[in-house]
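This report concerns only the one structure given below.
First listed ligand is number 1; within each ligand, the first listed atom is number 1.
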Amino acid sequence: MINPFRKWLGRDERTELPPLDPENIPEHVAVIMDGNGRWARKRGLPRVAGHHSGMKNVKKIVMAANDLGVKVLTMYAFSTENWGRPKDEVDFLMKLPQEFFPLEIDELDANNVQVRMTGLRDGLPAHTLEAVQGAIERTKNNTGLILNFALNYGGRKEIIAGVKQILQDVQDGILRADDVNEDRFAKYMLTSDLPDPDLLIRTSGELRISNFMLWQLAYTELWFTDDYWPEFTEEHFHQAIAEYQRRARRYGGV
Ligand code: FPP
């Protein structure tokens, strides 16, 4: 069983975390970090204050995942549909990597975390891409947790791009149409070198997938909480994994 008490916390701060089976930790956890805007509104703050608070919450959950031995943590930071938000909000979100990485990269690197990005690089402002690319470059040889930011990501666009590439490869004689199967198709997804998520967490009480990893989530266990992302704690994370460990994954079998 893994650390029911975090020994580095002060006596008064100790929280009891649900015991977990170290043999059954999900390899890939994906998170839809939802509810930043409502968190802010509840406090009479502008929506962007919620995004800022949400950004501040990322590292804590990365460290919790790393401590548990999760191999990949994908965080949905910006969807291809989020461009439709007011310009000020989009601009603010696009500046978050510039704030996040200088603040956190030393600790992430020291903990052997490898930063990656899944999404369309085209369309992202140069300053955003530069910040993300710098972190990817700096941590590319790390062998610990893969921290994968889904940025400018949309599941349907990903599938369509994959299908177009398949058609092109068939036309070019690289691939035979008859050879297209699930494993081959997965190689045309942006996550071609990652395992599919075992567990999806969505905060804020919304019970939707919202165009996130549509192909990859086929057999993923889903876990929802009403709490908003900025108030999502390590305890929630452990609860989600404890619940995952109680589920029987059957993949359509019996
Ligand atoms: C959804 O909440 C959240 C987002 C669109 C942005 C999530 C981004 C972060 C938490 C920061 C990411 C950090 C880095 C380093 C890139 P919402 O705005 O839809 O909330 P609402 O449904 O309450 O309005």
Could you go through ligand 1 and note, for every N or O atom, any protein N or O atom closer than 3.5 angstrom, writing the atom names and distance to 0.1 Å, or 'none'?
residue	atom	partner	partner atom	Å
ligand 1	2 (O)	D34	OD1	3.3
ligand 1	2 (O)	G35	N	3.4
ligand 1	18 (O)	R47	NH2	2.9
ligand 1	18 (O)	R85	NH1	2.8
ligand 1	19 (O)	D34	OD1	3.2
ligand 1	19 (O)	R85	NH2	2.8
ligand 1	20 (O)	G35	N	3.3
ligand 1	20 (O)	N36	N	3.2
ligand 1	20 (O)	G37	N	3.1
ligand 1	22 (O)	D34	OD1	3.2
ligand 1	22 (O)	R38	NE	3.4
ligand 1	22 (O)	R38	NH2	2.9
ligand 1	23 (O)	G37	N	3.3
ligand 1	23 (O)	R38	N	2.7
ligand 1	23 (O)	R38	NE	2.7
ligand 1	24 (O)	R47	NH1	2.8
ligand 1	24 (O)	R47	NH2	3.1

- Item | All salt bridge (charged side-chain N to carboxylate O under 4.0 Å, His left out) counterparts of E243, not counting sequence neighbours | R246, R247
- Task: For E23, check side-chain hydrogen bond (donor to acceptor under 3.5 Å, both in side chains) against everything at least two apart and list the hits.
- Result: none
- Pick from D196, T191, T118: which one makes a side chain to side chain donor-acceptor pair (under 3.5 Å) with Q216? T191
- Task: Over 60° means perpendicular and under 30° means parallel, so classify the ring planes of Y219 and Y251, tilted if in between.
- Result: tilted
- Note on the structure: Besides L222, the hydrophobic cluster formed by Ile, Leu, Val, Met, Phe, Trp and Tyr side chains linked at under 4.5 Å, directly or via other members, contains I32, Y76, Y153, I159, V163, I166, L167, V170, L175, V180, F185, Y188, M189, L190, L200, L207, I209, F212, M213, L214, W215, L217, F224
- Can you get from V58 to I146 by hopping between Ile, Leu, Val, Met, Phe, Trp and Tyr side chains that sit under 4.5 Å apart? no
